[in-house]
Structure formats: C-alpha cells, structure tokens
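Quantities reported herein were computed from a predicted structural model and do not represent experimental measurements.
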Amino acid sequence: MAGMLILLEAIRSIHEVVRDKIIGSCERFAVRKLAEVVADGSGDTIYAVDRLSEELLVELFEQHVACFAPVILIAEGISGGRTTLPRGTSEREAVWRIIVDPIDGTRGLMYQKRSGWILTGVAPNHGEETCLADIQLAVQTEIPLIKQHLSDTLWAERGKGARGERFNRLTLERTPLRFCPSASATLDHGFATVTRFFSGARDVLAAIDDEIAHSLTGQRGSGKALCFEDQYISTGGQLYELAVGHDRFIADLRPLVQDTLRARGLEPGLCCHPYDLATELIAREAGVSVTDLKGGPLQARLCIEEDVAWVGYANSELRKRIQPVLEAALRKRSLDQG
C-alpha cells in the first residue's frame with residue numbers, strides 16, 4: 001500500500017500542475033470563453049473553464065498516483081463519474097478511492113471574482129459504501145485570481161492535524177501557513193452564513209439564518225451590525241474560511257428545501273455533493289466541528305450525484321449554542337428529516 005507521504009506529495013504535485021494551467025488559461029482567454037457551457041453533468045453544469053482541469057485529471061493521477069497503488073478515481077467530468085487506474089484494473093483490486101473536485105468555485109473563478117479550489121480526498125477502498133467519513137488524507141489548493149500572487153495549500157492526514165503552505169507565484173517562495181479556527185463563543189462581530197446561493201427558497205433559508213443570528217448575538221444599537229455573512233460560492237472555500245478563523249458558522253441546508261422548490265412549481269436546485277466536501281477532513285483536523293444535520297459525521301458515499309447537507313462550527317462552544325437553535329428552526333418548518 002502506498003504510504004501517505006508518497007500520496008501527499010503526488011497529489012500536491014498534481015494540484016500545482018492543474019492550478020498553473022488554469023491560471024494560465026484565465027490569463028489568456030476572455031471571461032466569455034471560460035464561461036461557455038460545454039455540458040450538463042449529472043452533478044453540475046460543466047463550463048469551459050472546468051474542461052481545463054478535467055482534461056489533465058486522469059492522465060496525472062495515472063502517472064503520479066496509480067504507479068504506486070491501483071485506485072478508483074471519482075470526479076465529475078469522467079465518463080460514468082469514475083474510472084480505475086491503471087486502466088484495466090478491476091475495482092476490487094483498487095487500494096484507494098480518490099474523490100476529486102478539479103475546480104470548486106467555478107463560477108467565482110471564471111468571472112475572476114474569487115479564488116477557486118482544487119479538492120482531493122483519499123479513502124481506503126471499502127467498495128460502494130466508502131464514504132466521506134472514511135477519508136484518511138485530504139489536500140486542497142487555491143486557484144487564485146490572476147491579479148493575486150499568493151496561493152494557499154492545506155492538507156491533513158487523519159489524526160495528525162492540519163498543515164498549510166503559502167506559495168508566492170511571483171517569487172516562487174514557499175512559506176509555512178499557520179492557521180486555526182476562531183475561538184469565539186459568540187457570533188458578535190463575526191461571519192456566520194446559511195448558504196443560499198440560488199433563487200427559489202432563499203426566503204426560507206434567510207429566515208433560518210435570521211433566527212440563529214438573533215439568538216446568538218448581543219443587543220445592537222441603532223445603525224449597528226453585529227453579525228455578517230459571506231456567500232462564498234465554493235464549499236471548499238467555505239471550509240477554508242472556517243479552518244483559518246475567518247468564519248464562525250456555516251450551514252448548507254439546500255437539500256432540505258428541494259420539496260419547497262417543487263411545491264412552488266420550480267425544479268430542484270443545485271446542492272452540495274460529496275466531491276465538494278472531499279477536504280472536510282482538513283477543517284476537522286484543524287479543530288472545526290463539521291457535522292451532518294443530526295450532529296454526526298458526514299456519511300455521504302464517494303460519488304458525484306448525492307445531495308449533502310452539512311454544518312460547520314468553528315469550535316465546540318459555538319456548536320453547543322447554535323445546534324439547538326438550528327434544530328428548532330428546522331423542526332418549526334418540518335425540515336428536520338424526521
């Protein structure tokens with residue numbers, strides 16, 4: 001079985017190749033070219049900018065990872081959502097299941113609004129039931145805007161904490177990145193977000209957000225704001241913000257409002273998928289509490305289709321205070337899934 005250090009270095013190398021290719025393409029092509037819709041995948045819409053990384057994915061993992069141990073590579077953009085490497089290997093022979101999001105935060109990146117992220121999670125191959133909770137190694141690498149010269153990489157091995165590095169694209173200097181989640185026990189003067197990227201049920205999600213904010217912040221004077229939100233359209237980016245201490249609470253409840261959308265005569269909306277959460281291990285190893293809606297570990301299978309709701313608390317004290325309020329807000333709206 002390939003050692004974790006070998007896997008870590010191989011994956012970091014792959015991430016850097018993908019990052020540099022995407023940055024180069026963003027520098028050469030106009031936004032309208034990168035934003036062209038090229039396909040509708042089973043998990044999400046595929047834009048031209050996505051194709052830049054997906055073209056490299058199988059080749060790089062076959063060259064740099066599968067040479068050490070056979071793997072099942074899971075990613076949107078691969079035919080059928082997954083492939084075995086080396087090619088021709090049976091899934092039973094695979095040592096690892098590796099789930100990848102080549103660009104998380106495509107929309108923000110292609111319009112040069114905000115960094116995207118390359119996400120990779122590695123789990124022992126336990127067959128079809130292999131899930132997010134099985135991931136033992138995770139790496140996420142920032143794809144910065146072309147006007148941004150710094151790029152962060154975070155990684156974690158289960159039980160060994162989270163580490164990071166900051167890369168200067170101008171000087172090629174690499175420096176250790178030290179980070180930790182917020183230790184605040186309140187939401188006062190901090191960022192807390194209930195995800196509501198897309199239209200259709202924003203009113204429901206915003207009402208839940210308001211109940212949490214009003215319950216967890218102090219008295220505000222006229223013209224004062226005590227709690228802020230950040231609708232970062234990247235799950236990997238949201239996890240990063242929690243891990244490095246920028247955000248205190250994030251809840252992605254989109255799967256819970258699918259019936260609301262249907263009742264309003266709307267199509268079900270885009271939700272978070274397992275590949276978006278491929279690196280949640282990093283946030284947990286940093287000290288963030290990342291849970292499902294019942295407070296347990298995320299158990300979504302490593303696939304590209306499943307919708308996933310998740311909650312992140314910067315520390316255990318915040319979780320103790322927020323979780324009952326969140327659960328009550330869901331029950332009141334019959335969104336607690338039993």
TODO: Begin from the C-alpha positions of D203 and R264 and carry the test salt bridge (charged side-chain N to carboxylate O under 4.0 Å, His left out) through to its verdict.
DONE: CA-CA 12 Å; D203 56 324; R264 294 176 174 182; 2.9 Å; yes
To the nearest 0.5 Å, what is the distance between [atom1] on [X] and [atom2] on [Y]?
X	Y	atom1	atom2	result
T83	R87	OG1	CZ	6.5 Å
E305	H273	CD	NE2	8.0 Å
R163	L8	CZ	CG	8.0 Å
L326	R331	CG	CZ	9.5 Å
W96	T130	CH2	OG1	11.5 Å
L318	F249	CG	CZ	9.5 Å

Whether the [X] and [Y] side chains hold a donor-acceptor pair (N or O, under 3.5 Å, no angle test) is what I'd like checked.
X	Y	result
Q238	T195	yes
E142	S115	yes
S289	R319	yes
S184	R248	yes
S13	E16	no

Please give me the minimum heavy-atom distance between [X] and [Y], naming the atom from each residue.
X	Y	answer
V257	L205	CG1-CD2, 4.0 Å
V325	S215	CG1-OG, 3.8 Å
P181	G287	CG-C, 4.0 Å
C271	Q258	SG-NE2, 3.5 Å
L242	A314	CD2-N, 4.4 Å
R301	E128	CD-O, 3.5 Å

TODO: Start with the C-alpha distance between E157 and R284, add both sets of side-chain angles, then the distance that settles salt bridge (charged side-chain N to carboxylate O under 4.0 Å, His left out), and finish with yes or no.
DONE: CA-CA 11 Å; E157 184 179 347; R284 287 193 287 110; over 6 Å; no
Is there side-chain contact between [X] and [Y], with at least one heavy-atom pair below 4.5 Å?
X	Y	value
I72	I98	no
F61	Q63	no
R12	T141	no
V71	V95	no
E280	L298	yes
T186	L226	no
L137	R158	no
R107	F197	no

TODO: Give the C-alpha distance, both sets of side-chain angles, the deciding distance and a yes or no for salt bridge (charged side-chain N to carboxylate O under 4.0 Å, His left out) between D336 and K294.
DONE: CA-CA 9 Å; D336 55 333; K294 297 182 179 179; over 6 Å; no
Open item on the list: Once side-chain contact (heavy atoms from CB on, under 4.5 Å) is applied, do any residues pair with R333, and if so which ones, sequence neighbours excluded?
Closed with: V204, A207, I208, E211, A329, L335
Donor-acceptor check, side chain of [X] to backbone of [Y], threshold 3.5 angstrom: yes or no?
X	Y	answer
D292	G296	yes
R254	L270	yes
Q112	L109	yes
E76	D101	no
D134	C131	yes
D307	P255	no
R174	E165	no
E285	A162	no
R196	V194	yes
N315	S182	yes

Task: Test side chain to side chain contact (heavy atoms under 4.5 Å, CB included) applied to T291 and W310, step by step - done: CA-CA 6 Å; T291 76; W310 66 278; over 6 Å; no
Verify same cluster id: [X], [Y] (apolar side-chain graph, 4.5 Å):
X	Y	result
L261	F198	no
F191	L253	no
V17	I143	yes
F167	I146	no
I118	L150	no

- [ ] Look at R114 together with D230 and state whether they make a salt bridge at an N to O cut-off of under 4.0 Å.
- [x] yes
Task: Identified side chain to side chain contact (heavy atoms under 4.5 Å, CB included) counterpart of C227 within the set T193, D188, D210, L187 - done: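 Going through the options one by one, the only one that passes is L187.
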- [ ] List, by chain and then residue number, the residues other than I282 in its hydrophobic cluster (Ile/Leu/Val/Met/Phe/Trp/Tyr, side-chain heavy atoms under 4.5 Å); write none if there are no others.
- [x]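 Members other than I282 - counting any ILVMFWY side chain reachable under 4.5 Å - are W117, L119, L154, L177, F179, Y232, Y240, V244.
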Open item on the list: For a salt bridge (charged side-chain N to carboxylate O under 4.0 Å, His left out) check, start with the C-alpha distance between E173 and R166, then their side-chain angles and the critical distance, and finish with the verdict.
Closed with: CA-CA 8 Å; E173 181 183 12; R166 178 159 288 170; over 6 Å; no
TODO: Flag yes if more than 12 heavy atoms outside E27 fall under 6.0 Å of its CD atom; otherwise flag no.
DONE: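 Yes, because the 6.0 Å sphere around CD of E27 holds more than 12 heavy atoms from other groups.
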TODO: Mind running side-chain hydrogen bond (donor to acceptor under 3.5 Å, both in side chains) on T120 and H15 for me, showing each step along the way?
DONE: CA-CA 9 Å; T120 300; H15 280 206; 2.8 Å; yes
- [ ] Any chance you could lay out the side chain to side chain contact (heavy atoms under 4.5 Å, CB included) test for H126 and R97, step after step, and finish with the verdict?
- [x] CA-CA 8 Å; H126 298 315; R97 285 186 179 246; over 6 Å; no
